[in-house]
Protein chains: 2
Amino acid sequence: MIQAIDRAAQILLKLQGSRHLGITELASAVGLPPSTVHGIVKSLSQHGLVAKESNGNRYMLGPALLKLSSVYLDSLDVRARSMRWTRELSRRSGLSTRLGVKLFNEVIIAHHDPRPDGSEQMLETGLVIPMHASAMGKVLLAYHPEDLDDLPSSLRSLTGDTITDLGILRTELHDVAEQGFATEHDEAILGESSVAVPVADQSGGVVAAIAVVLPSNEFPPQDSLLNDLRETGRNISRELGSSVWPPISSSGTLLLPPPPQSA
Amino acid sequence: MIQAIDRAAQILLKLQGSRHLGITELASAVGLPPSTVHGIVKSLSQHGLVAKESNGNRYMLGPALLKLSSVYLDSLDVRARSMRWTRELSRRSGLSTRLGVKLFNEVIIAHHDPRPDGSEQMLETGLVIPMHASAMGKVLLAYHPEDLDDLPSSLRSLTGDTITDLGILRTELHDVAEQGFATEHDEAILGESSVAVPVADQSGGVVAAIAVVLPSNEFPPQDSLLNDLRETGRNISRELGSSVWPPISSSGTLLLPPPPQSA
DNA sequence: CATAGCATTCGACAATGCCGAATGGCGTTC
DNA sequence: GAACGCCATTCGGCATTGTCGAATGCTATG
């Protein structure tokens, strides 16, 4: 772990949380002397990773990040392969479709096909949702149970229906791994629910999840939707070179909640 | 300039150019010993800025960049203010509209409103175009002539009509600064032309450009389109607190080509 | 099964970035 | 309009830090 790079990343993260910050604010936020922070910020800004506000003397994230992320998206194999399938799924279902990959404790939306009803919808690519509050996150966790250890000790509640108990989450993930799909009902945003299935690659590992978002009053999803979704997940996985679907999960015992009387 | 951060940024840049690279490839690309590169890459990957390919042992850009860039876009004031105006411009003109900001020698598209004809169009946000080959770039250069010094010594030709001579570019930029708009005719992509106007902020400085893209057979644009575009630029600039529009350019002598007989 | 190429780990050296203090610029207040 | 105070920025000495070469381990290939 190289110190300077670690600190630089911390600073980017702080700017991610706070939009615009001065050197002193940043310094106290990361607990370093201002001169040190200044050096790091200056280095980052030489590469366009942070930028100084046009008028004031505060800093924000820089435009180079946009280019980097654009290339990141282009280099994501699963995204390129998914797009034609998810678009078709959106068309058939009349719903919006998302492709999500893991980013630490969150799912980040790497692609989004809007509802085909022609309404103006916001660009969701780049948005993040906590793992435990999304169907895609549940899928990713169910097939990578070791990631459960990285979850924050207390699960943040986004709505009244968010799962906040790790034991309950484990139990649900166990079912997810058995059924091959996950659902989420009003757990992230009130009125919005979703269903997700895994996407596997050549190695057989789950590398992403795709989900359809449906109004909560249409929950639970009809079998036909579920089948279309499954078919889509299977098709993408096949294009990526995965031979089996749904993927085999290493779950089993890993996902079972600890015995209730445990310390 | 902190060495480690500089090197880290170089590595991100190399990955930006080459998608997937192994440690040794990266090392020779940046001219450093593999062990050094490995340390940097490892540090970057801890923060999700680079990621290891799921199967092999090559590295690519990481998902954290997507989140960072998403926040970058959200924190771009000019983008938030532009969106409603550019959408309206697209609607009225039937053409696609772009918002571009400077990133070193390129313009990066920070927002894009597609043609309203309902056809499937690619997501242009994050794409970059060389300054000298785009109308937006010409606008940005015309109002920041000092940036001319950063241009590569030889201007890359993208089509037969790309301006590759710095003297000719300077002359055109002089006109751009006087007229308050720039055009580009088949200079970046054959069959595609564009017109751009500046966007100024509170300080009166030009911080972005907006452009409409039109088929080259409709070039030059009609006056009504030009007026709509100007109106849009003025409206956005006004929302950003700019009092005058078109902005005053610091150009004058700066943009005049050097005397032809100069050494 | 052997080999070659690669990623990765380790440790010693010294070059590097870190920090505290000094400077400079800017906005604000009286 | 002048003086104050805040904050970004610069600078230089010290020691911590990252760097690099060599050794290891892994995987894929012939």
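To find a chain, count down the sequence lines: A is the first, B the second, and so on, and within it residues start at 1. Just so you know, these numbers come straight off a predicted model, no measurement behind them.
We find that CD of B:E53 is positioned 14 Å from C1' of C:dC6, with the value rounded to whole Å. A straight line from CD of A:Q3 to C1' of C:dC18 spans 8 Å, rounded to a whole angstrom. Atom CE in A:M1 sits roughly 12 Å away from atom P in D:dT19 (whole-Å rounding). The distance between atom CD1 of A:I2 and atom P of C:dT16, rounded to the nearest whole Å, is 14 Å.
Side chain of B:H144 to main chain of B:V206: a donor-acceptor pair is present (N/O by atom type, distance under 3.5 Å, no hydrogens or angles).
Considering only side-chain atoms of B:T36, the nucleotide from C:dC18, C:dC19, D:dC20 that sits closest is D:dC20.
Checked against B:L99 for a side-chain contact (heavy atoms from CB on, under 4.5 Å), the options B:H112, B:R79, B:R81 give a single hit: B:R79. Applying side-chain contact (heavy atoms from CB on, under 4.5 Å) to A:L65 and the options B:L73, B:V71, B:L65, B:L49 leaves one that passes, B:L65.
Counting heavy atoms from C-beta on, the side chains of A:L240 and A:I236 come closer than 4.5 Å.
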Subject >> Protein proximity profile, nucleotides 3-10 of chain D - base contact B, sugar-phosphate-only contact S, no contact -, cut-off 4.0 Å on heavy atoms >> reply: ----SSSB
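The side-chain contact (heavy atoms from CB on, under 4.5 Å) test applied to B:D175 returns B:Q179, not counting sequence neighbours.
Counting only residues at least two apart or in different chains, salt bridge (charged side-chain N to carboxylate O under 4.0 Å, His left out) contacts with residues 34-48 of chain B are absent.
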Only pairs under 3.5 Å count here: list side-chain donor-acceptor contacts from residues 19-32 of chain A, not counting sequence neighbours, and write none if there are none.
{"residue": "A:H20", "atom": "ND1", "partner": "A:E53", "partner atom": "OE2", "Å": "2.8"}
{"residue": "A:E25", "atom": "OE1", "partner": "A:G22", "partner atom": "N", "Å": "2.5"}
{"residue": "A:S28", "atom": "OG", "partner": "A:E25", "partner atom": "O", "Å": "3.0"}

For residues 127-141 of chain A, tabulate all N or O donor-acceptor pairs below 3.5 Å that involve a side-chain atom, not counting sequence neighbours.
{"residue": "A:H132", "atom": "NE2", "partner": "A:R156", "partner atom": "O", "Å": "2.7"}
{"residue": "A:S134", "atom": "OG", "partner": "A:G137", "partner atom": "N", "Å": "2.8"}
{"residue": "A:K138", "atom": "NZ", "partner": "A:E172", "partner atom": "OE2", "Å": "2.8"}
{"residue": "A:K138", "atom": "NZ", "partner": "A:T183", "partner atom": "O", "Å": "2.8"}
{"residue": "A:K138", "atom": "NZ", "partner": "A:E187", "partner atom": "OE1", "Å": "2.8"}
{"residue": "A:K138", "atom": "NZ", "partner": "A:E187", "partner atom": "OE2", "Å": "3.4"}

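Using a 4.0 Å cut-off on heavy atoms, the residues of residues 5-16 of chain B that approach DNA chain D are B:R7, listed by number.
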